[in-house]
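Contents: one structure, followed by commentary.
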Protein chains: 6
Amino acid sequence: MTRVAVINPNTTASMTATIADAARGAAAVGTEIVAVTSTMGPVSIEGYYDEAFALPGLLLEIGRAEREGAQAAVIACFDDTGLDAARAMARMPVIGICEAAMVTASFIAKRFTVVTTMERSRVPIEELSHRYGMTGRAKVRAANISVLSLEDPNSGARDKLRSEIARAIAEDNAEAIVLGCAGMADLARTLSREFGIPVIDGVGAAVKQAEALVALGLSTSKRGTYAPPVSKTYIGPLSRFAPA
Amino acid sequence: MTRVAVINPNTTASMTATIADAARGAAAVGTEIVAVTSTMGPVSIEGYYDEAFALPGLLLEIGRAEREGAQAAVIACFDDTGLDAARAMARMPVIGICEAAMVTASFIAKRFTVVTTMERSRVPIEELSHRYGMTGRAKVRAANISVLSLEDPNSGARDKLRSEIARAIAEDNAEAIVLGCAGMADLARTLSREFGIPVIDGVGAAVKQAEALVALGLSTSKRGTYAPPVSKTYIGPLSRFAPA
Amino acid sequence: MTRVAVINPNTTASMTATIADAARGAAAVGTEIVAVTSTMGPVSIEGYYDEAFALPGLLLEIGRAEREGAQAAVIACFDDTGLDAARAMARMPVIGICEAAMVTASFIAKRFTVVTTMERSRVPIEELSHRYGMTGRAKVRAANISVLSLEDPNSGARDKLRSEIARAIAEDNAEAIVLGCAGMADLARTLSREFGIPVIDGVGAAVKQAEALVALGLSTSKRGTYAPPVSKTYIGPLSRFAPA
Amino acid sequence: MTRVAVINPNTTASMTATIADAARGAAAVGTEIVAVTSTMGPVSIEGYYDEAFALPGLLLEIGRAEREGAQAAVIACFDDTGLDAARAMARMPVIGICEAAMVTASFIAKRFTVVTTMERSRVPIEELSHRYGMTGRAKVRAANISVLSLEDPNSGARDKLRSEIARAIAEDNAEAIVLGCAGMADLARTLSREFGIPVIDGVGAAVKQAEALVALGLSTSKRGTYAPPVSKTYIGPLSRFAPA
Amino acid sequence: MTRVAVINPNTTASMTATIADAARGAAAVGTEIVAVTSTMGPVSIEGYYDEAFALPGLLLEIGRAEREGAQAAVIACFDDTGLDAARAMARMPVIGICEAAMVTASFIAKRFTVVTTMERSRVPIEELSHRYGMTGRAKVRAANISVLSLEDPNSGARDKLRSEIARAIAEDNAEAIVLGCAGMADLARTLSREFGIPVIDGVGAAVKQAEALVALGLSTSKRGTYAPPVSKTYIGPLSRFAPA
Amino acid sequence: MTRVAVINPNTTASMTATIADAARGAAAVGTEIVAVTSTMGPVSIEGYYDEAFALPGLLLEIGRAEREGAQAAVIACFDDTGLDAARAMARMPVIGICEAAMVTASFIAKRFTVVTTMERSRVPIEELSHRYGMTGRAKVRAANISVLSLEDPNSGARDKLRSEIARAIAEDNAEAIVLGCAGMADLARTLSREFGIPVIDGVGAAVKQAEALVALGLSTSKRGTYAPPVSKTYIGPLSRFAPA
């Protein structure tokens, strides 16, 4: 039995339910998905500022999950919020849904387009794309919808998403589409059928990477950049996070 | 049940046995590994020339595997020989062991070193590293051993490999090691314990990527670069490969 | 009168005193330096994990400084901790000491080396260097000293720093040196005389960039990536940070 | 007398005739062009799959040409099919028409556009452009015509090619055009006059590079990547290609 | 008192007046701006050819300014004409207006567009952008106006500039605008108000960088690339420039 | 008959004699080499400052050569001094010896090292290497010899050059060597035999590229970046260079 913690750093339980469904849909027989909603921070992460305040709650849950027996963790926000900090903290592998989705796309298409929610998230994802070595392969587009509007069937959000995918295919010559928000996790198979090209959800993709690392007996390297945090004092309300 | 074909384009059955063991060791319950030795081409692939003549035999087996029900294929040579041609031919996903190993390393370490066999394979792997977006993250070293010497316990090959790994840790500040030859597939766990940092074998890594894509319902995009080959005449002894 | 807030996200007041001296030493007549020690988070920032928990305290002080009349802010930690979040939050310009130091070095030298404290900070600074367009121009070395040991004259830290600078000159052909930690801010002029090449401190460099932007009447663009945070609920102990 | 072998890996003799004319039109007095049609493989190379099966026939002819006294070889397919393998095999210099055309363009224009045949060839040529250091200088467009349709004056192929060149000039600000298929070799001078900017054919360009290397007394480095293939057994119908 | 020489390598005194105003508008209390018009070379610099002939006059004035007590120099042409030569010659810091403007933009915006004068200057500025590490962040557009037409209120040049800025905002998603010619130095504040995003003039930006370097006690590194010119004979009319 | 002007921007006639010999040694039957020594500027070009003052004399001779019937020009200085200005001025093709040498090396080796004269020329050549797309393929080393010492058999310069080549082979794994100074043009064949790998001289390489462009009927694109200089007034002693 492999236990994979899927942490939603957006503090919105209904969104976690969507994410958990996608995670379980992708999980292997023998994988237990423990889906957790962070209890500190923004109800949705839209841009760099929200991201900063999602970190303590996210890291709290990743630490707790590891202590309670998780063998790997997934960060279910497309900004890959806190990924490096989590890797420095944990011994188990930690996977971001953006990196997992892009890597997955790179195995089945030469060129792909990420369709995300808000314009302010476009450049952060372009920067991730560059960091993950996808410069020249990935384009990023924003459908100009808010994260939580994806949950409301009457918001028109999903129609805007569809229109942006259609533009990506026509204008970018996209060979595959990556859904650029954890809140779109339930749409991959439907949209894939609809548009006739692979549509990739990062939550499912990340669960598979987490399973892979566990199966291969691999965990985060503790030599160099991800060495365990140095024991020291933390001041103020965050003092409980101080490394022992 | 997921069926993953693992094709060894090196036409040496004993090497395939090592590869098959590594593949099965990584496979999930419910995954059937079909390990196949190519029947046309060099007994070992060492450099660009050998690679060229490994292609027909490799593609023959990938095509046959797909017709016989494989849902994904792994190309078990660290040059990722014929990867693009295989993706254009097949509908199922096809994974190279170099790309899978590098991606896996990138999830658990910021900087890693690939240790391969012969000096003439160093630059081809550096080029793959660049293509997979690992420039600045991956270094490549050659242990100056032949591929098939890895099978001979008295060849000294494994000692040379160990020495090169030690140099990578000391001189490159490597946080993880990638084994740069399918013939090293049995060594990852032993070397990982020995050196105290993650050591990654591409065969196991690729099997997990193959399973991931099947579980996610994803296959090679047939829009754009990997569109099916155009029906046409092939002349001479290779005419049986002509696309219908 | 220009007011520049210099925020030390390391919650160590003695370190802030060193930083404040360096800031005042660089400031123009007519610039008031308001040096602030963050009151939440690690006493020193050494790696990605510490960085994450420095963010709330840092952003709190930047927000307070802007409300109290600061016209620009400097983040006095060489990881440029929270820089993008601060820019999204503030209207005034916000400058990181790493970016300011690298840019300053680029005006007076073709090739330079950053000497930082701990090995675990080397790769994060390499990533910043890449992000700031200094790939191929900047190298990064760690002197293997802790941040706070720089304050203790008997720790040997400054000797180790000198040795690493000497190696950078000999082995990297460095034309200038960048000091890779806010805690080294008092050493630039001494070391510059000692080694006969420019040695750059990021705190002073950032103060000058802050003054420059104020003098030019420029502030953070609120179009696109740094648009003001969307008004929404933040859950739990960080709820006071929720954007209005 | 310099003898340059021009090998057409497309197994279509009428296409070789066009190529031979272009080669001879560019050759110096004292250069003998030996134009050869490969006798194994696809009648035209359109994408990665065809490329793989063009290799054995291509390498056979290059080997034969060298044994029969050629001093340099040109691979007359714009994918630069088999270029690295040929260089590992041969001692004489081997030139690809894509690399030769791009290098030639770079001497007379800052920005240029390659116009190729089919959409599936666009990304492979973009990858070559990246590999040859032309990222940011070269764009690639497909005219959506098949390779062999270029031979049929009634196919409309040449009109589509003209339209795509016109778009490259208008939309890409192209300063020169590179013809992205060996089958266009006869069109460079006509189109150059027609559009008033340089139009470059790779066949002629490659012949000049071949002559240049011979005149300079330079041949493929046999140190490192292009060291001669290791002597070994090849299995099956390709066994005659085994390195001695 | 800090003395900054601002050299206009365009030999047009009226243009220098505009530049001097912009420089003084940005200068700190205590900075003396010495604005100088070069007396040798083209009346305006439009492309690579003009640039070559602007160099002797430019370097003459920079040398003279340093001998007469300037502590830093600004080269007031957006091609950063002669920047490396000036740095090799001078001990004081020398700043180009293109580099200063781009660096300034990078502190307040993730993505920005440079709007320059003539199409022939577009690629040179793209090359500078690449050299200054702004690839992927900066786009360059030409308004198709001559440099000196900016001085004529009836030329329509400023309207064309406005139209191009509007296109940059709409089509490039520009978060800030950089004015790509010294002759636009008076327009930054007006256009900034007009378009509601930061508009950056390089002359003011460079003056601030010059002041910064002086205040920090930094001058051009004389180790390595910018070592003083080797003493030698210069032949012909330029012999007075021979390094002593 | 093809006439190629080879301009030595170093104003030293004895150096031109060496260059002319190398050019004639590489030229085809039917090519006339017109070797010219510039009459204005430094006796040798060592660094950015010398380069600036070599430009007027160089461009004067290129202009004169074109008017007197040259069909192509070679700039015989490894900094590719004034290359872009010359291309904007001339209609005939103009080739730099650095670009020609690197391109030539790229056809016969995957990795090569440039060995130049003085340390101050190392970074400028690294920048050219980057501009010509050779990043990751080319390394640059300085033998710490002056340009003109190459002419003096008793200076020890050639021994230092040999030592540096030996280091490049041992430490860089160089597969070929590029001679990084026009004054080394006579050494390529001797050193090639001596070291057993290709050694490339840029003068000969550039002559072949010049011949190639003439044979192909190609000249510098006059659309875009290299459009003819705009007619305008030049002030002072350089007024004779003003474009008509």
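All chains are named by letter (A, B, ...) in the order of the sequence lines, taking the proteins before the strands, and each is independently numbered beginning at 1.
Most heavy-atom pairs under 4.5 Å with chain B, from the set D/Ala142, D/Pro124, D/Ser44, D/Gly57: that is D/Ser44. No other option in D/Pro228, D/Ala88, D/Gly41, D/Ala86 has as many heavy-atom pairs under 4.5 Å with chain B as D/Gly41. With respect to chain D, the highest number of heavy-atom pairs below 4.5 Å among B/Gly47, B/Gly224, B/Pro42 belongs to B/Pro42. For the set B/His130, B/Arg122, B/Glu119, the entry with the most heavy-atom pairs within less than 4.5 Å of chain D is B/His130. Among the candidates D/Gly82, D/Ser38, D/Ala54, D/Pro56, the residue making the largest number of heavy-atom pairs closer than 4.5 Å to chain B is D/Pro56. Among B/Leu55, B/Val123, B/Val43, the residue with the largest count of heavy-atom pairs under 4.5 Å with chain D is B/Val43.
Scored by the salt bridge (charged side-chain N to carboxylate O under 4.0 Å, His left out) test, D/Arg162 finds D/Glu194 as partners (sequence neighbours excluded). Residues satisfying the side-chain hydrogen bond (donor to acceptor under 3.5 Å, both in side chains) test with B/Asp84, not counting sequence neighbours, are A/Lys110, B/Arg131, B/Tyr226. Every residue meeting the side-chain hydrogen bond (donor to acceptor under 3.5 Å, both in side chains) condition with B/Thr37, not counting sequence neighbours, appears here in chain and number order: B/Thr16.
Only the side chain of B/Leu59 comes within contact range of chain D, with heavy atoms under 4.5 Å apart. If you measure heavy-atom distances from D/Thr225 to chain B, the contacts under 4.5 Å come from both the backbone and the side chain. Proximity to chain D is absent for every atom of B/Ser146, based on heavy atoms less than 4.5 angstrom apart. Both the backbone and the side chain of B/Glu46 come within less than 4.5 Å of a heavy atom of chain D. Heavy atoms of D/Ser121 lying under 4.5 Å from chain B are absent altogether. Proximity to chain D involves both the backbone and the side chain of B/Thr11, based on heavy atoms less than 4.5 angstrom apart.
Here the closest non-hydrogen pair linking D/Tyr48 and B/Ala85 is O-CB, 3.6 Å.
No donor-acceptor pair under 3.5 Å is formed between the side chain of D/Arg120 and the backbone N or O of B/Arg223.
Within residues 230-244 of chain D, the residues approaching chain B closer than 4.5 Å by heavy atoms are, in numerical order, D/Val230, D/Lys232, D/Thr233, D/Tyr234, D/Ile235, D/Gly236, D/Pro237, D/Leu238, D/Phe241, D/Pro243.
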